2 protein chains.
Amino acid sequence: MANFKENSTNQFNKRLVTTKCPVTFIVNKMGNRWKPLVIRELFSGTKRYGELKKAIPAVTEKMLIQTLKELEADGIINRKAMPVVPPHVEYSLTVSGKDLEPVINEMVKWSLKYNTH
Amino acid sequence: MANFKENSTNQFNKRLVTTKCPVTFIVNKMGNRWKPLVIRELFSGTKRYGELKKAIPAVTEKMLIQTLKELEADGIINRKAMPVVPPHVEYSLTVSGKDLEPVINEMVKWSLKYNTH
DNA sequence: ACAAGTACTTACCTAAAAGTATGTATCATG
DNA sequence: CATGATACATACTTTTAGGTAAGTACTTGT
């Protein structure tokens, strides 16, 4: 019965790298599967939940909500819920979210140059 | 017994996002836990395997090798093995690897601005 | 009474990423 | 003949990101 201590090491390393490496820091904020697509949608302005869902058909509701919650918790998007029924919720980029544009532009430039599909 | 087809969906979505989203494309190439650290070391010039290991103490040999293999397979680094004993292997950035510098600079800029540890 | 519409929520599950522990090849040197 | 030095390799294990399936809340319209 091997005495595994992987859990602590894994979490320790994750935290270590996230706090010490700025690249990993930003990747954690916007590098998951659906985050870039959501951010991209919001670059063109405020969107409702249903609009985001329609714009990104492959994402499940669970993953979309989860993605939105994380982006909100990280201060990248704003969530504005209208107290009406049926519900009406609007998502938009915060200042730091809009500030991702030059970063993403550089990333896209590199990808277009080196992705020879 | 639920008829799970997650595997195919997961892989399908991964492929979909990687091919359609340039941000995900580049994140897949250099966004794993240890890749940015290795790339950063190589920005300052060619390094031996042992030097990389010493410069990044937290990484295990397995993960370092795996990281180097992937970076090599993706054309981001070069591996030059000298046929001597004990072995002498040198790693360096390729053109596309060096081309990551402006991208990484933008990423670092954003992180330093918004990481209020 | 019940369906429609919108934005979620939750319990459960799988595959992929990361980590552990240990072993390998080769030659020079003491 | 065993040890050191260097750069890996491999079998196994855990954590986590992502996915499935199904349900909830609230009100208006029929």
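Nothing here was measured: the structure is a model prediction, and the numbers come from that model. We use all heavy atoms of the structure for the numbers below, so side chains are in, but hydrogens, waters and symmetry mates are not. To find a chain, count down the sequence lines: A is the first, B the second, and so on, and within it residues start at 1.
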Query raised in the report: Whole Å only: how far is the CZ atom of A/F12 from the P atom of C/dT20?
Result: 12 Å
**Report entry** Short side-chain N/O contact to D/dA7 OP1/OP2 from B/K47, under 4.0 Å
**Finding:** no
Query raised in the report: Which one, C/dC8, D/dG18, D/dC8, comes nearest to the side chain of B/I65?
Result: D/dC8
Report summary line: A/K62 NZ to D/dG18 P, in whole Å, measures 9 Å
**Report entry** Pairwise side-chain contact, B/L37 with A/C21, heavy-atom cut-off 4.5 Å (strictly under)
**Finding:** yes
Query raised in the report: Considering only D/dC8, C/dG19, D/dG19, which nucleotide approaches the side chain of A/M63 most closely?
Result: D/dG19
**Report entry** Same apolar cluster: B/V95 and B/L93, side chain cutoff 4.5 Å
**Finding:** yes
Query raised in the report: Counting just side-chain N and O atoms, does A/R48 come under 4.0 Å of either OP1 or OP2 of C/dA7?
Result: yes
Query raised in the report: Can you tell me how far the OG1 atom of A/T60 sits from the CH2 atom of A/W34, to the nearest 0.5 Å?
Result: 7.5 Å
Query raised in the report: Whole-Å distance between C/dT6 P and A/K53 NZ?
Result: 13 Å
Query raised in the report: Would you say the side chains of A/Y114 and B/D74 form a donor-acceptor pair under 3.5 Å?
Result: no
Query raised in the report: CD of B/Q11 versus P of D/dT20: gap in Å, rounded?
Result: 13 Å
Query raised in the report: If only side-chain N and O atoms of A/Y91 are considered, is one of them under 4.0 Å from the OP1 or OP2 phosphate oxygen of C/dC8?
Result: yes
Query raised in the report: How long is the line joining CD of B/Q66 and P of D/dA9, in whole Å?
Result: 11 Å
Query - For atom CZ of A/R15 and atom P of D/dT16, their distance in whole Å - result: 14 Å
Query raised in the report: Atom CZ of B/R79 and atom C1' of D/dT6: how far apart are they, to the nearest Å?
Result: 12 Å
Report summary line: Whole-Å distance, A/E70 CD to D/dG18 C1', equals 11 Å
